[in-house]
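Working notes, structure below.
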Amino acid sequence: MKTLKIKSENSLYETAELFKNFSDSTRIRILYALLEGEKSVSQIVDEISMGQSAVSHQLRILKSSKLVSNRKEGKTVYYKLSDKHVYNILLQGIEHTEE
């Protein structure tokens, strides 16, 4: 296994903060729903069977953590995973727990 050199203590702090965002099952359910691709808030609400205010709150946290990004089309807001790293972290976590 390759050993990485840490650029700074701040990198370790930011990594811990990143993983904190994966510690909430609602956020994981939202991220899992977005594995398939971009979805509107109402699609996410329907898919995970939760209220819109709860989903919107968690989406704000995920967006501020740069785990999801969004775009607005008229009054509809669409969310997607921000990049391939988020996709891979989520899939590896699921794979790890299913072994």
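Residue indices begin at 1 and follow the sequence shown. Just so we're clear, the structure is a prediction, and the values are computed from it rather than from any experiment.
- For the atom pair CD of E9 and CD of E14, the computed distance is 12.0 Å after rounding to the nearest 0.5 Å.
- Legend: salt bridge (Lys or Arg N to Asp or Glu O under 4.0 Å) pairs involving residues 82-91, not counting sequence neighbours: none detected.
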Practice prompt. Report the C-alpha distance between L34 and I44 in whole Å, list the side-chain angles of each, state the deciding distance to 0.1 Å, and finish with yes or no for side-chain contact (heavy atoms from CB on, under 4.5 Å).
Written response: CA-CA 8 Å; L34 295 174; I44 297 168; 3.9 Å; yes

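- Between the side chain of S40 and the backbone N or O of V77 there is no donor-acceptor pair closer than 3.5 Å.
- More than 12 non-hydrogen atoms from other residues, nucleotides or ligands lie less than 6.0 angstrom from CD of E17.
- Rounded to the nearest 0.5 Å, atoms OG1 (T15) and NZ (K20) are 12.0 Å apart.
- Q58 and I30 make their closest contact through CB-CD1, 3.6 Å (heavy atoms, listed as atom of the first residue, atom of the second, distance).
- A continuous path of hydrophobic side-chain contacts links Y79 to Y32 [ILVMFWY only; heavy atoms under 4.5 Å].
- Pairs passing the salt bridge (Lys or Arg N to Asp or Glu O under 4.0 Å) check and including a residue from residues 31-43, sequence neighbours excluded, read E36-K39, E38-R71, K39-E47.
- Within the 4.5 Å cutoff, the side chain of I61 has no heavy atoms near those of the L67 side chain.
- With hydrophobic clusters built from ILVMFWY side chains whose heavy atoms lie under 4.5 angstrom apart, V55 does not share a cluster with Y78.
- When hydrophobic clusters are built by joining Ile, Leu, Val, Met, Phe, Trp and Tyr residues whose side-chain heavy atoms come closer than 4.5 Å, directly or via intermediates, L18 is grouped together with I94.
- Summarising the geometry of S69 relative to L81, their closest heavy-atom pair is OG-O, 4.4 Å, with the distance given to 0.1 Å.
- Separating the CG atom in L62 from the CG atom in N21 is a distance of 6.5 Å, to the nearest 0.5 Å.
- Clustering ILVMFWY residues whenever any of their side-chain heavy atoms sit less than 4.5 angstrom apart, transitively, puts M50 in the very cluster that holds F22.
- Listed by chain and residue number, N70 satisfy the side chain to side chain donor-acceptor pair (under 3.5 Å) test with K63 (two or more places apart in sequence, or in another chain).
- Put simply, the side chain of R29 gets close to the backbone of I48: a donor and an acceptor are under 3.5 Å apart.
- In this structure, OG1 on T97 lies 12.0 Å from CD on Q92, to the nearest 0.5 angstrom.
- Formation of a donor-acceptor pair under 3.5 Å by the S8 side chain with backbone atoms of N10 is found in this model.
- S56 contributes no side-chain N or O that, together with a main-chain N or O of S53, makes up a donor-acceptor pair within less than 3.5 Å.
- Note that CG of L90 is 4.5 Å distant from CG of L35, once rounded to the nearest 0.5 Å.
- Counting heavy atoms from C-beta outward, V41 and Q52 have side chains that approach closer than 4.5 Å.
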